[in-house]
S.K.: 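First the structure, then my questions, so here it is.
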2 protein chains.
Amino acid sequence: MNALEGPDGKAPSLRELARDVGVSPTAVYRHFPDKQALDKALAREGLKLLGSEQSAAAKKAGGGAAGFAETGRTYVRFALAHPALFRLMFTQGRPIEDSDVPDEARALLIANTRALAGNPERAETLALQAWSIAHGIAMLMLDGRIPADDSLIERMLDTDNLFPDQGSSSEESP
Amino acid sequence: MNALEGPDGKAPSLRELARDVGVSPTAVYRHFPDKQALDKALAREGLKLLGSEQSAAAKKAGGGAAGFAETGRTYVRFALAHPALFRLMFTQGRPIEDSDVPDEARALLIANTRALAGNPERAETLALQAWSIAHGIAMLMLDGRIPADDSLIERMLDTDNLFPDQGSSSEESP
DNA sequence: AGCTAAAGTGAACAACGTAAACATAGAGAT
DNA sequence: ATCTCTATGTTTACGTTGTTCACTTTAGCT
């Protein structure tokens with residue numbers, strides 16, 4: 001994991017990863033057919049970690065719209081905390097097959113948007129929009145286009161602000 | 001430009017670019033200090049092109065909220081049309097300095113959000129949110145996480161849907 | 001023509017992903 | 001205890017990449 005940490009956000013080389021583990025570069029090929037497969041495996045770990053962090057955050061925020069907003073903020077914070085890993089998770093040549101991904105994150109997203117939007121088609125659009133905003137913020141911050149400021153994350157991912165018609169803070173106190 | 005086109009979305013190597021121009025790899029170093037500088041120059045070209053396409057699209061749509069929505073769709077379509085170039089434009093090690101960028105796109109974005117939101121602070125947040133959505137959609141589609149479907153772009157970047165409080169379609173027929 | 005500055009060249013280096021041939025260690029069966 | 005098979009490792013080597021260095025070529029000016 002060493003080569004994947006650090007704030008540099010640079011993609012780790014196969015040889016560097018092998019060095020970290022204390023093994024020759026070609027030994028990797030006993031376990032993975034090629035570098036892309038290695039990356040895929042690492043990406044899967046990352047997705048699992050992100051998913052668990054997100055559901056923990058949602059739970060802590062008490063679920064509902066507030067919890068939904070927290071999953072978004074957690075997404076962005078995760079990207080900033082693990083730049084290289086985050087890039088690896090999404091910048092793969094071809095997407096990870098659905099079956100490969102224990103996608104806690106996606107399930108959470110769908111459940112949340114179903115709850116927020118009445119109409120199921122609207123819910124799907126809402127899900128993709130929510131994902132896109134979080135992903136866009138994450139990417140723009142990683143690439144230095146937008147200040148990687150925690151308060152900015154807060155402000156941009158404010159559900160009351162973003163989806164004012166979907167009724168959010170009102171459901172906590174019925 | 002040859003190595004930057006094509007649907008593969010792969011980053012072009014310095015040597016490949018040199019080959020395309022019909023020159024030895026080291027000749028490049030007479031014009032750019034290193035590969036990053038070359039990339040930066042190409043990125044600048046890309047940003048200029050994107051900006052002009054966006055303002056053309058906004059004009060054709062008749063300006064206003066409809067024009068704003070079009071700039072977003074144009075952003076995403078540009079990314080899909082020039083995957084490698086688009087990645088180059090944003091995935092640079094360090095961001096392009098503001099002074100370097102003749103940022104027609106950014107100016108357009110700010111003007112548009114100023115017009116949509118009354119409050120200037122709200123306008124800035126709105127601008128960043130709009131950019132993030134468009135960028136997120138573009139990235140997720142480029143990475144195959146979301147179907148690169150034109151009608152989906154349309155649906156996700158529908159301002160009436162996205163920012164219902166900011167009053168959009170009503171200003172066309174006063 | 002001759003000088004100078006700009007632009008291009010080829011050879012070489014370290015690092016990368018990967019392939020091929022060979023080595024070793026441990027488990028199970030005899 | 002030995003033999004054998006399989007899993008895992010190593011060394012060496014190839015082609016590609018970004019980059020440096022020492023040269024050569026080209027173009028423009030006087």
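Lettering of chains follows the sequences in order, A, B, ..., and the numbering in each one begins at 1. Please read these numbers as outputs of a predicted model, since none were measured by experiment.
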S.K.: For a 4.0 angstrom threshold against heavy atoms of chain B, report the outermost contacting nucleotides of DNA chain D in 5' to 3' order.
M.R.: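 It runs D:dT17 to D:dA22.
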
S.K.: Does the A:Thr91 side chain pair with the main chain of A:Leu88, one donor and one acceptor, at a distance under 3.5 Å?
M.R.: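 Checking the backbone N and O of A:Leu88 against the side chain of A:Thr91, no donor-acceptor pair under 3.5 Å is found.
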
S.K.: Roughly how far apart are B:Thr71 OG1 and B:Leu157 CG, rounded to 0.5 Å?
M.R.: 8.5 Å

S.K.: Among residues 27-35 of chain A, which residues get a heavy atom nearer than 4.0 Å to DNA chain D?
M.R.: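 A:Ala27, A:Arg30, A:His31 - these, ordered by number, are the residues of the stretch whose heavy atoms sit under 4.0 Å from the strand.
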
S.K.: Kindly check if the number of other-residue, nucleotide or ligand heavy atoms within 6.0 Å of CZ (A:Arg77) is above 12?
M.R.: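 Atom CZ in A:Arg77 is packed in, count exceeds 12.
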
S.K.: On DNA chain C, compare the nucleotides closest to A:Arg15 and B:Ser24; which residue's is nearer the 5' end?
M.R.: B:Ser24

S.K.: Looking at side-chain heavy atoms only, is the closest gap between A:Ile137 and B:Gln129 below 4.5 Å?
M.R.: no

S.K.: Report yes or no: do A:Ser52 and A:Glu104 form a side-chain donor-acceptor pair below 3.5 Å?
M.R.: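 Result is no, nothing qualifies.
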
S.K.: Would you call A:Arg73-A:Glu154 a salt bridge at under 4.0 Å N-O?
M.R.: yes

S.K.: Between C:dT18 atom P and A:Glu16 atom CD, what is the distance in whole Å?
M.R.: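 A:Glu16 atom CD is separated from C:dT18 atom P by 16 Å.
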
S.K.: Do A:Arg19 and A:Glu16 meet the salt-bridge criterion of a basic N to acidic O distance under 4.0 Å?
M.R.: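 Answer for the salt bridge query: no.
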
S.K.: Which class fits the ring pair A:His135 and A:Phe90: parallel under 30°, tilted 30 to 60°, perpendicular over 60°?
M.R.: perpendicular

S.K.: Nearest-Å distance, CD (A:Gln36) to C1' (C:dT18)?
M.R.: 14 Å

S.K.: How is B:Ser13 classified with respect to the nucleic acid when contacts are heavy atoms under 4.0 Å: base, sugar-phosphate, or nothing?
M.R.: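 Contact class for B:Ser13: sugar-phosphate only.
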
S.K.: Which residue lies toward the 5' end of DNA chain D, A:Thr26 or B:Leu14, if each is placed at its nearest nucleotide?
M.R.: A:Thr26

